[in-house]
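Everything on this sheet refers to the single structure shown next.
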Amino acid sequence: MFADGCRGKSPDMVASLRSVGPMKNPWEATMRSILRIWSRPALMAALALSLAACSTPKVQTTKAGGRYYLNDGPPKGITQAQIDAVKEPVPRAERFVSGTLKPYVAMGNSYRPMTRLTPYHARGVASWYGTRYHGLPTASGEPYDVMKLTAAHPTLPIPSYVRVTNLENGQTLVVRVNDRGPFHSDRIIDLSYVAAAKLGYAAKGRALVEIDVILP
């Protein structure tokens, strides 16, 4: 499918026209004219560029098989010592951001955020987001920081605190939920880069985790 403003004839459509046999209707000459126009190399090259510009962002594979957007990734020059120096946040009672408590729709799915802290446990896949979003506002209004232990969740109160356990290596970590997402059915939480690094799955891209809300 094409994004709005990027509609046009696809190469498949052109191919289907070419497969049509001898035409016995008044539009034959017109259709053959269209085929001649769309067969010109320069025009087809322009079409290819247009389609590329309208496609979803390309992803690249990390050495361990994980994936992230080409213009995303970890901070340059980050060292393990810097990652180890980041301390876990101390859970405390905070006023919820009222604008994040309303039901909403994202990517065609409806979500109803929790309006109070209650026991919550879930198991699923965690991913992470990096420098592509660094400095941009989160749902809480705070700027995203790749070097803070934060997370995005579709429905947990903002802010709140959860303990994340990487079931693949047993490592656990407390993070502060201050953003919404991920909005993909195959993932339950997005962590900041440094949180994923401390849990040992930044290079892999994702991991099977359990999350538990921490009640104040």
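Residue numbers count from 1 along this sequence.
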Any residue meeting salt bridge (Lys or Arg N to Asp or Glu O under 4.0 Å) with Arg95, in chain and number order, not counting sequence neighbours
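Residues passing salt bridge (Lys or Arg N to Asp or Glu O under 4.0 Å) with Arg95: none at all.
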Salt bridge (Lys or Arg N to Asp or Glu O under 4.0 Å) partners of Arg123, counting only residues at least two apart
Glu210
Return the [atom1] to [atom2] distance between [X] and [Y], rounded to the nearest 0.5 Å.
X: Met147; Y: Ser192; atom1: CE; atom2: OG; value: 8.5 Å
X: Leu167; Y: Leu208; atom1: CG; atom2: CG; value: 4.5 Å
X: His121; Y: Thr165; atom1: NE2; atom2: OG1; value: 8.5 Å
X: Leu199; Y: Leu173; atom1: CG; atom2: CG; value: 4.5 Å

Can you pull out every salt bridge (charged side-chain N to carboxylate O under 4.0 Å, His left out) where at least one residue sits in residues 141-157? Sequence neighbours excluded, please.
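The answer is Glu142-Arg176.
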Only pairs at least two apart or in different chains count here, so list each salt bridge (charged side-chain N to carboxylate O under 4.0 Å, His left out) that has a residue in residues 191-200.
none
Does a side chain donor of either Tyr144 or Asn178 reach within less than 3.5 Å of an acceptor in the other side chain?
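Distance-only check fails for Tyr144 and Asn178.
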Check side-chain contact (heavy atoms from CB on, under 4.5 Å) between Ala207 and all other residues, then give those that pass, not counting sequence neighbours.
Asn166, Glu168, Tyr201, Val209
Do the side chain of [X] and the main chain of [Y] share a donor and acceptor less than 3.5 angstrom apart?
X: Thr131; Y: His134; result: no
X: Trp128; Y: Ala202; result: yes
X: Glu94; Y: Pro159; result: no

Indicate every side-chain donor-acceptor pair of residues 151-158 with a distance under 3.5 Å to a residue at least two apart or in another chain.
| from | atom 1 | to | atom 2 | distance (Å) |
| --- | --- | --- | --- | --- |
| His153 | ND1 | Thr155 | N | 3.0 |
| His153 | ND1 | Leu156 | N | 3.1 |
| His153 | NE2 | Tyr120 | OH | 3.2 |

